[in-house]
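Okay, so here's the structure we're looking at.
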Amino acid sequence: MRGAGRTMAEKLLSRAAGRYLRAGDLAICEPDATMGTDGSIPMALDYLRQMQPEGDPLPGPARPGSVVFALDHYGATSGARALALQDIARNYALAHGVGLFEVGEGIGHQLMLERGHALPGHLVVGADSHAVSYGALNAFGTGIGSSDLAGVLQCNQLWLKVPGALRIRLHGVLPDYASAKDLALAMARRIGAGGANYLALEFDGPGLAALDMDDRIVLANMSAEMGAKAGLFPFDQRTGAYLAGRTVQDYTPVAADEDAIYVDTLDFDLCAITPQVALPHRVDDVQDLAQAPATRIDMVYLGTCTGGRGKDYREALDVLRAGGGVAPGVRLVVTPASEAVRAELENDGLLAEFEAFGAEIQPPGCGACCGTCGSIPTDGMRVISTANRNFKGRMGNRTAEIFLASPRACASAAVTGHLVDPREVKP
């Protein structure tokens, strides 16, 4: 076994631990970068306080330059208690030299990617499950809990079990009417919500070359919805181009060995991917959109760390233009993933176009995705969203029903007022 090749997961965590590791090994690792959110930091600081001798002040992080706090889950509509939690996080960051993404700058995961905090070959953790997004950049990105975040603040270490790897081998090219979100939902349909529990999804195959960085972020992000510990992409020319100008740090990409040992290999033909929809209230209850009933839709949500980037909005606008605008009675909400995305949309005239279609433009951030701020659905609303989760109560109202789909499919519902395959929307 020791002579066999290794997966990306094994190599990435070996580097972080400073020793040779194989799947199943337990290791103490040092993260290269750590992100906490306003939803996880206050509890982490409570745990950190419990680690100190009685009467001692709360210490700063062991490695403050590697830690970033993101105030992205709460906003002006979240209430006084939530804003007080943000103050706890903000005050600690300002007192101890911790990087701070302020309210309105965007979603922490998007900012970690945009601003060069997640780099190839690195271990990058976030106290939020969708830290798996960083795997798009050939980093071992994974979510941790508040107690783990406290441990990182205390000593910049955490323990991890090295996951086995499930190879996702991609072939072909996505059709014009399909997107990475459709592929992600097709994967959830095949693998199941827990089918990749504590595995790393490692993407491979000739189809990778046709996926841009936005596509890869979607797939890495959605790996959490199948139970995966990480969703990992190899480094290639697209990765290097994305990182150009975003960082001055050195990095060393990691590639799986030709003879790496995988738990299994699943092949996906991108040419065969069609528009998909996840039905309430499970991410793996997925149907071909063409076969789904023409269910009424009341609210369309375009945003989140899964579907709130420039490409997503351009695809949605293509459909809105073709369909002639938003159907009467449909609420269209746009929440960019970051201020950079919002500025891009504004500069290109796309934000004004959304506004002309009657869209509600929300400040960059998590927004209504997790039901803590933004445009919360009212009782009984049916929502179609570019987000990653649709369990009961996810958007802050347990009586709402949430469907998950691509930006094109969401825009198609906005145009028609019901679930429909984007191919059915004609100019």
Next on the checklist: One pair to check against salt bridge (Lys or Arg N to Asp or Glu O under 4.0 Å): R408 and D176. What are the steps and the verdict?
Outcome noted: CA-CA 11 Å; R408 288 191 185 92; D176 289 341; over 6 Å; no
Item to check | Closest non-hydrogen atom pair between G308 and V341, with its separation | outcome: O-CG1, 3.4 Å
Item to check | N347 atom CG, neighbour heavy-atom count above 12 within 6.0 Å | outcome: yes
Checklist entry - Side chains of L219 and M187: closer than 4.5 Å at any heavy-atom pair? => result yes
Next on the checklist: Could you walk me through whether I168 and I191 satisfy the side chain to side chain contact (heavy atoms under 4.5 Å, CB included) test, starting with their C-alpha distance in whole Å, then the side-chain angles of each, then the deciding distance to 0.1 Å, before giving a yes or no?
Outcome noted: CA-CA 11 Å; I168 306 297; I191 296 171; 4.2 Å; yes
Checklist outcome for this item: Distance col, row L137:CG vs H122:NE2, nearest 0.5 angstrom, shows 11.5 Å
Next on the checklist: Between S385 and R394, do the side chains contain a donor N or O and an acceptor N or O under 3.5 Å apart?
Outcome noted: no
Checklist entry - Once you round to the nearest 0.5 Å, how far does CD of Q362 lie from OG1 of T77? => result 7.5 Å
Next on the checklist: Under a 3.5 Å distance rule, please check whether T386 uses its side chain to pair with a backbone N or O of P407 as donor and acceptor.
Outcome noted: no
Next on the checklist: Between E360 and S375, do the side chains contain a donor N or O and an acceptor N or O under 3.5 Å apart?
Outcome noted: yes
Checklist entry - Can you tell me how far the NZ atom of K392 sits from the NE2 atom of H281, to the nearest 0.5 Å? => result 3.5 Å
Next on the checklist: Test your reading of the model: is there a side-chain donor-acceptor pair from R216 to the backbone of L208, 3.5 Å cut-off?
Outcome noted: yes
Next on the checklist: Could you check whether any side-chain heavy atom of Y134 comes within less than 4.5 Å of a side-chain heavy atom of L113, counting everything from C-beta outward?
Outcome noted: yes
Checklist entry - Of all heavy-atom pairs between P422 and L289, which one has the smallest distance, and what is that distance? => result CD-CD2, 3.8 Å
Checklist entry - Should F233 and R238 be marked as a side chain to side chain contact (heavy atoms under 4.5 Å, CB included) after you check the CA-CA gap, both sets of side-chain angles, and the distance that decides it? => result CA-CA 11 Å; F233 280 81; R238 287 188 185 272; over 6 Å; no
Item to check | Nearest atoms (heavy-atom pairs only) where A400 meets T378 | outcome: CB-O, 4.4 Å
Next on the checklist: Is it the case that the side chain of D269 and the backbone of C271 share a donor-acceptor pair, with hydrogens and angles ignored and the cut-off at 3.5 Å?
Outcome noted: yes
Checklist entry - Can you check whether L170 reaches L183 side chain to side chain, under 4.5 Å on heavy atoms? => result yes
Checklist entry - Is the shortest heavy-atom distance from the side chain of D250 to the side chain of T252 under 4.5 Å? => result no
Checklist entry - How about P163 and E202: do any of their side-chain heavy atoms sit closer than 4.5 Å? => result no
Checklist entry - Is there a donor-acceptor pair under 3.5 Å between the side chain of Y313 and the backbone N or O of L350? => result no
Item to check | Exercise: identify the closest heavy-atom pair between A411 and A316 | outcome: CB-O, 3.4 Å
Checklist outcome for this item: Those residues at least two apart in sequence (or on a different chain) that pass side chain to side chain donor-acceptor pair (under 3.5 Å) with D318 are R321
Checklist entry - What do the steps show when you test E10 against R22 for salt bridge (Lys or Arg N to Asp or Glu O under 4.0 Å), and what is the final call? => result CA-CA 6 Å; E10 289 170 327; R22 300 302 301 242; 3.3 Å; yes
Item to check | Contact summary for A44 and A150, nearest pair of heavy atoms | outcome: O-CB, 3.3 Å
Next on the checklist: Donor-acceptor pair, distance only, cut-off 3.5 Å: does the side chain of Y301 make one with the backbone of M395?
Outcome noted: no
Checklist entry - Is there a donor-acceptor pair under 3.5 Å between the side chain of T34 and the backbone N or O of V125? => result no
Next on the checklist: Taking the cut-offs as 6.0 angstrom to the six-membered ring centre and 45 degrees off its axis, would you call R190 and F268 a cation-pi pair?
Outcome noted: yes
Item to check | Set of residues satisfying side chain to side chain donor-acceptor pair (under 3.5 Å) with respect to T239, sequence neighbours excluded | outcome: D236
Checklist outcome for this item: Here the gap from E401 atom CD to M299 atom CE, rounded to the nearest 0.5 Å, amounts to 14.0 Å
Next on the checklist: Nearest 0.5 Å, please: how far is OG in S129 from CD1 in I144?
Outcome noted: 12.0 Å
Checklist entry - Yes or no on salt bridge (Lys or Arg N to Asp or Glu O under 4.0 Å) for D312 and K181, after CA distance, side-chain angles and deciding distance? => result CA-CA 10 Å; D312 302 309; K181 182 63 171 294; over 6 Å; no
Item to check | Pairs touching residues 66-76 that satisfy side chain to side chain donor-acceptor pair (under 3.5 Å), sequence neighbours left out | outcome: H73-D128
Item to check | Verdict with supporting geometry, L232 and V254, side chain to side chain contact (heavy atoms under 4.5 Å, CB included) | outcome: CA-CA 10 Å; L232 306 176; V254 164; over 6 Å; no
Item to check | Heavy-atom check, side chain of D182 versus side chain of Y177, under 4.5 Å | outcome: no
Checklist entry - Do you see a donor-acceptor pair shorter than 3.5 Å between the side chains of N388 and H130? => result yes
Checklist entry - Is S40 reaching over with its side chain to a backbone N or O of G36, donor-acceptor style, under 3.5 angstrom? => result no
Checklist outcome for this item: Rounding to 0.5 Å, atoms CG (N138) and CE (M8) come to a distance of 6.5 Å
Checklist entry - Taking all atoms of both residues into account, what is the closest heavy-atom pair of A414 and L320, and its distance? => result CB-CD2, 4.1 Å
Checklist entry - Run the side-chain hydrogen bond (donor to acceptor under 3.5 Å, both in side chains) check on E114 and S338 step by step: do they pass? => result CA-CA 9 Å; E114 281 183 1; S338 71; 2.5 Å; yes
Checklist entry - Would you say the side-chain atoms of T274 and Q276 include a donor-acceptor pair closer than 3.5 Å? => result yes
Item to check | Check: R167 side chain, D204 main-chain N or O, donor-acceptor pair, under 3.5 Å | outcome: no
Next on the checklist: Does atom CE (M213) have a neighbourhood of more than 12 heavy atoms from anything else shown, all under 6.0 Å?
Outcome noted: yes
Item to check | Distance-only polar pair, side chains of Y262 and T7, donor-acceptor under 3.5 Å | outcome: no
Checklist entry - Under 3.5 Å, is there a donor-acceptor pair between the side chain of D32 and the main chain of V124? => result no
Next on the checklist: Can a donor-acceptor pair be found, under 3.5 Å and without considering hydrogens, that links the side chain of K229 to the backbone of T142?
Outcome noted: no
Item to check | Side-chain heavy-atom pair L302, C410 within 4.5 angstrom cut-off | outcome: yes
Next on the checklist: Is there a salt bridge (Lys or Arg N to Asp or Glu O under 4.0 Å) between R309 and E344? Walk through the geometry before answering.
Outcome noted: CA-CA 10 Å; R309 284 168 282 276; E344 173 192 337; over 6 Å; no
Checklist entry - Hey, does M222 have a side-chain heavy atom less than 4.5 Å from the side chain of V283? => result yes
Checklist entry - Step by step, would you call L45 with L153 a side chain to side chain contact (heavy atoms under 4.5 Å, CB included)? => result CA-CA 9 Å; L45 296 181; L153 294 174; 4.0 Å; yes
